[in-house]
Amino acid sequence: MTNKAAMITVCGRPNVGKSTLTNTLVGEKIAIVSNKPQTTRNRICAVVTKGDTQFVFMDTPGFHKPRTRLGDYMVNVVRESVADVDAVMLLVEPLPNIGKQEQELIARFKETGVPALLVINKIDTVQRAELLEVMAVYSAAYEFDAIIPISAKTGEGVDELLAELSKYAVDGPPLFPDDMISDQPEKQICAELVREKLLLCLDKEIPHGTAVEVTRFSERDDGIIDMDVTIYCEKASHKGIIIGKKGAMLKKIGELARADIEAFMGTKVFLQTWVKVKENWRDSQAQLRNFGFTE
């Protein structure tokens, strides 16, 4: 039974491994990952229980310069997420220089007075001497409560990170039921798994202009799930690319997504996908609200 809880925000620039770390901590895939920036759009709460402590990790979108209303929404989510929590983790790559995004986030820590830890990710890609250089540069810029090197990919350093974070846990009832691993509804996670495959299979700006909605989600008596998914894109030319020659690309996206959805749901899934055009939806307040991007 948990009798302590800690609310922790995970923040950093796009592509530093925030969602990979979230999935590693939970031990299950609840946040999508890709090698393209701005993969995460919403704040995702991941729930991890260790001993008598419940950790609630808020995986935030990458801090970037917005070019659309959706981008504005994502940056506001990050700004708001570094206040009113027990601690913040600034996740960075093992590079001995502090970029503009990191500087802005550090300035926000100073402004709010929130306890902050520096978490240096991807340590499996550098030598120890390089790591010491990174630590020195960040230590000179801000007095972090702790600096912890990890590899979200291999899991190295993650137990040490949790041990450090347990210092911020406060006495009280759990914030979520013990058997819960995320605040995202199953339908939302399934929609995001489809969007992950769009990011994986499509080039340039096209996947960033897509939104995914689960329009049917029904369970049969034998546990099999029937799921209809609509992929929205911004241009008719994009629709043709997503569908592909004789439907080949859409079939590939559907097959890859179905494998992950079945692993997540633990049952067989019949997945049907459609593609529709919604022009410039990323700059439409009404469409953003429709897709769940609300302040």
Side-chain angles (χ1 to χ4, degrees), residues 5-50 53-64 74 77-78 81-82 85-95 99 101-102 105-106 109 114-126 131 134-135 138 144-169 175-176 180-184 189 192-193 195-196 199-200 260 263-264:
M7 197 91 165
I8 315 285
T9 292
V10 187
C11 65
R13 69 166 61 219
N15 266 38
V16 289
K18 296 180 296 296
S19 296
T20 303
L21 176 58
T22 300
N23 292 335
T24 300
L25 288 163
V26 174
E28 199 166 327
K29 187 169 189 172
I30 58 162
I32 66 170
V33 291
S34 85
N35 60 3
K36 293 184 174 72
Q38 291 136 59
T39 299
T40 301
R41 287 175 173 169
N42 266 316
R43 179 171 52 207
I44 297 168
C45 283
V47 185
V48 179
T49 302
K50 293 284 179 187
T53 304
Q54 183 182 83
F55 297 95
V56 179
F57 293 99
M58 292 198 292
D59 178 19
T60 58
F63 199 63
H64 66 287
M74 288 158 66
V77 164
V78 184
S81 297
V82 299
V85 288
D86 297 306
V88 173
M89 293 193 290
L90 174 60
L91 201 63
V92 300
E93 295 199 336
L95 301 169
Q101 291 105 318
E102 287 82 10
L105 286 165
I106 287 169
F109 303 160
V114 65
L117 295 88
L118 180 72
V119 180
I120 305 170
N121 191 22
K122 306 182 183 179
I123 59 167
D124 49 311
T125 64
V126 293
L131 209 52
V134 181
M135 289 177 175
Y138 275 96
F144 289 94
D145 281 16
I147 297 178
I148 301 167
I150 67 152
S151 168
K153 192 176 169 187
T154 67
E156 187 185 348
V158 171
D159 286 344
E160 290 85 342
L161 175 61
L162 280 170
E164 192 64 40
L165 291 171
S166 65
K167 296 174 185 175
Y168 301 99
L175 301 167
F176 290 94
M180 203 166 166
I181 59 166
S182 174
D183 66 337
Q184 302 291 295
I189 293 175
E192 284 288 272
L193 289 171
R195 194 167 66 83
E196 179 185 66
L199 285 159
L200 176 73
D260 270 10
F264 171 67

Side-chain donor/acceptor of [X] to backbone N/O of [Y], under 3.5 Å:
| X | Y | value |
| --- | --- | --- |
| Gln54 | Leu175 | yes |
| Lys122 | Val92 | no |
| Thr24 | Ala152 | yes |
| Asn121 | Leu91 | no |
| Asp86 | Met7 | yes |

For [X] and [Y], work out which heavy atoms get closest and say how close.
| X | Y | value |
| --- | --- | --- |
| Pro149 | Ile147 | CD-O, 3.9 Å |
| Ile189 | Phe264 | CD1-CZ, 3.6 Å |
| Asn15 | Glu93 | O-OE2, 3.4 Å |

Could you state the interatomic distance from [atom1] ([X]) to [atom2] ([Y]), rounded to the nearest 0.5 Å?
| X | Y | atom1 | atom2 | result |
| --- | --- | --- | --- | --- |
| Leu105 | Phe109 | CG | CZ | 5.5 Å |
| Leu21 | Ser151 | CG | OG | 10.0 Å |
| Met58 | Lys18 | CE | NZ | 14.0 Å |
| Arg13 | Leu90 | CZ | CG | 10.0 Å |
| Ile106 | Phe144 | CD1 | CZ | 4.0 Å |
| Leu199 | Glu192 | CG | CD | 9.0 Å |

Notebook entry, point to check: Does the side chain of Phe176 reach to within under 4.5 Å of the side chain of Val56, using non-hydrogen atoms?
Noted result: yes
What side-chain donor-acceptor pairs closer than 3.5 Å can you find for residues 155-166, not counting sequence neighbours?
{"residue": "Glu164", "atom": "OE1", "partner": "Lys167", "partner atom": "NZ", "Å": "3.2"}
{"residue": "Glu164", "atom": "OE2", "partner": "Lys167", "partner atom": "NZ", "Å": "2.9"}
{"residue": "Ser166", "atom": "OG", "partner": "Ala163", "partner atom": "O", "Å": "2.6"}

